[in-house]
Amino acid sequence: MVGGADKPKTIHPLFVRVTHWVNAFAIFVMVLSGWRIYNASPIFGFEFPKDFTLGGWLAGALAWHFAAMWLLALNGFAYLAYGLVSGHFRRSFLPISLRGAFDDVFLAMRGLLHHAPGRYNAAQRVSYIAVILAVIVAILSGLAIWKPVQLQTLTAALGGYEAARRVHFFAMAAIVAFLVVHIGLAVSVKGILAAMFTGRAEAPR
Amino acid sequence: MKPPRSKRLSAFRPQIARLERRLFLKQGLSLGALSLLSGCTLKDDDAVDRLLIALSRFNDKMQAALFDPSKLAPTYTEAEITTPFPFNAYYEEKDIPRIDGESYRLQLSGLIADKRPWSLSELRALPQSSQITRLVCVEGWSAIGNWRGVAFRHFLERIGADLTARYVGFKCADKYYSSIDMPSALHPQTLLALDFTDAKYGYPLRLRLPTKLGFKNPKFIGEIFVTNDYPGGYWEDKGYNWFSGS
Ligand code: HEM
C-alpha cells in the first residue's frame, strides 16, 4: 500500500496502542492503591489525600495493588518483548541523545518544538526509556518488599527491606513526575492523543 | 471507594473461600464458577469485589507455590534489635488480656492424636530455640525482635498432629484468631514462642514465623487446632490476603 498525501498512515502499531492503554490503567490502579498503602505507615512526614486513593482502607488497597500487579507485569512484559523483537524500540527510540533531549526541552519551553507525527523527539525518547526503567525498578522493588524472605537475594541487592521500601516509593515518584508532563503534553499538543487510539496521524492540511 | 464496599468484601470472603476451594480441585480457578454464587449471596454491584477476592485466592496459590520450605529468613544480631518494639493489635495496649501463667492450659483440637492440654512448665520442658528476625507488618513497617520457644514442627509431631492436613488454626485470649498453611507451620523457623521482650506481646504463648506478615503471628494463644476446613482469621475475614507470606 502506497501512502498518498491524503492517506493517513499508521504511526502507532496496534500492539503498542493496546499495551499502552492497558499499562496506563494498571499504573493508575497501582499508584492510587499504593498511596493508600503508603498512608497505613508513612515513610516520610506526609500522607496522600484519602480522596485520591483507591481501595477505601488498607485491605481494599492491597487487594487492588496485588491484583493490578499481574496486569502491569504481564502487559509490560508483552510490550517489552514486542518492542525488542519487532524492532519498534530500535526504530522509535534510537538513537538517543541526552544533549538532543536538553535542546528539545528548551525549544519546547520557547514554543518552538515541532511535533512530527510518527517520530518521537529526543526528549520523548529519553523520557520513555527512563519511565520504562522506572516501572521495571518499581516492579523489582515491589517484589523485594512483597517477598523479603523468599526473594531475599533481590531484597538484599536493593539494600534490605527498609531500603527497598524507599526505592519503591521513589520509583513511583519518578513515574508520577513523568505522567504529569506526559499527560500534560498529550492533551495539549494537537492531534497526538487521538492518534494513540486510532494509530493514524491526521492527514496534513 | 468508601469503607462499606470493603466491608461487603469481607462479609463474603469466607463463603467465597469455601466455594472456591471446592471448585478449585475440580476445575481450577474460574471467575465464571465464582459468579454462579452471585445469585445467592453477592450483590449485583459487587463484580469488582468478586474479581478482587478471586485474585486474592489466586495470590494465595502463587505464594504457596513460591514458598520454599527450606529457605531461611535472614537473622540479625542482638545489637540490631528494635527497641522499643512496636505494640500492634486491633485494640489498645491497655486492653491486652491478663493471663495467669499458673493455671494456663494450652487447648488442642481437630486432627491431633493427643489432645491433652499443655501447661507452661510442660511446654518449657520441650527443647527451646531462639531467633532474631525481622517482623514485617502488613502496614509496611518492620521491626527486628528476639523470640524464644519450641520449634512448632517439633510440637506438632509431639502431639501427633496430622501433618498432611491443610491448615493450623489459632484461637486467642484476645478474641483474635488466625490460621496458616501446614508447610509454613512446619518451616524450621516457625516457633511457638514462650519468651519475648514483654508480656504485652502475647503472654504466655504466641506464634512467631518470619515467613509471614505480622498479623499471621497470633498472640495470647489459647487453643491450637489442625483442620482441612479453611478457618480464616480476624483480619483475613475482613479482606487481608490469607497466605500473606514474606
Ligand atoms: C492517561 C494517561 C496517558 C495518556 C493520556 C498518554 C498519552 C500518550 C500519547 C498521546 C502517546 C504518543 C505520543 C506521541 O505520539 O508523540 C504516548 C506514548 C507513550 N506513553 Fe503514554 N499516556 C498515558 C499514560 C502512560 C503511562 C502510565 C505510561 C508509563 C508509565 C506511559 C508511557 C508511554 C510510553 C513509553 C509511550 C511510547 C510508546 C511507544 O511508542 O512504545 N503513558 N502516551
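Residue numbering restarts at 1 for every chain, and letters A, B, ... go by the order of the sequence lines. The basis for the numbers below is simple: all heavy atoms, side chains too, and nothing from hydrogens, waters or symmetry mates.
Comparing B/V138, B/L213, B/T211 by how many heavy-atom pairs each has under 4.5 Å with chain A, the most go to B/V138. The choice from B/R134, B/M62, B/K71 that makes the most heavy-atom pairs within less than 4.5 Å of chain A is B/K71. For chain B, the option among A/V149, A/I43, A/I37 with the highest count of heavy-atom pairs below 4.5 Å is A/V149.
Interatomic distance, B/S246 OG to A/I145 CD1, rounded to the nearest 0.5 Å: 11.5 Å. Here the straight-line distance linking atom CD1 of B/I144 with atom CD of A/E162 works out to 8.5 Å at 0.5 Å rounding. Within the model, atoms CG of B/D68 and CD of A/Q152 stand 9.5 Å from one another, a figure rounded to the nearest 0.5 Å.
Environment of CZ in A/F106: sparse, with no more than 12 heavy atoms of neighbouring residues, nucleotides or ligands closer than 6.0 Å. Within 6.0 Å of CZ on A/F52 lie no more than 12 heavy atoms contributed by other residues, nucleotides or ligands. Counting non-hydrogen atoms of other residues, nucleotides and ligands closer than 6.0 Å to CD of B/E78 gives a total of 12 or fewer. In this structure, A/F170 places its CZ atom where more than 12 heavy-atom neighbours from other residues, nucleotides or ligands lie under 6.0 Å away. Other residues, nucleotides and ligands contribute at most 12 non-hydrogen atoms within 6.0 Å of the CZ atom of A/F77. Counted within 6.0 Å of CZ on A/R91, heavy atoms from surrounding residues, nucleotides or ligands total more than 12; the atom is thus considered enclosed.
Note: A/W70 and B/F58 have perpendicular aromatic rings, judged against thresholds of 30 and 60 degrees for the angle between ring planes.
B/N59 places a side-chain heavy atom less than 4.5 Å from the side chain of A/M69. Proximity of B/L52 to A/W64: side-chain heavy atoms (C-beta onward) are separated by under 4.5 Å at one or more points.
Residue B/L72 touches chain A through its backbone alone, counting heavy-atom pairs closer than 4.5 Å. Interface residue A/L62: only side-chain heavy atoms are found under 4.5 Å from chain B. Using a 4.5 Å cut-off between heavy atoms, A/Q150 touches chain B through backbone and side chain atoms alike.
Heavy-atom minimum distance, B/G140 versus A/Y161: O-OH, 2.7 Å. What you find for B/E139 and A/S41 is that their closest heavy atoms are O-CB, 3.1 Å.
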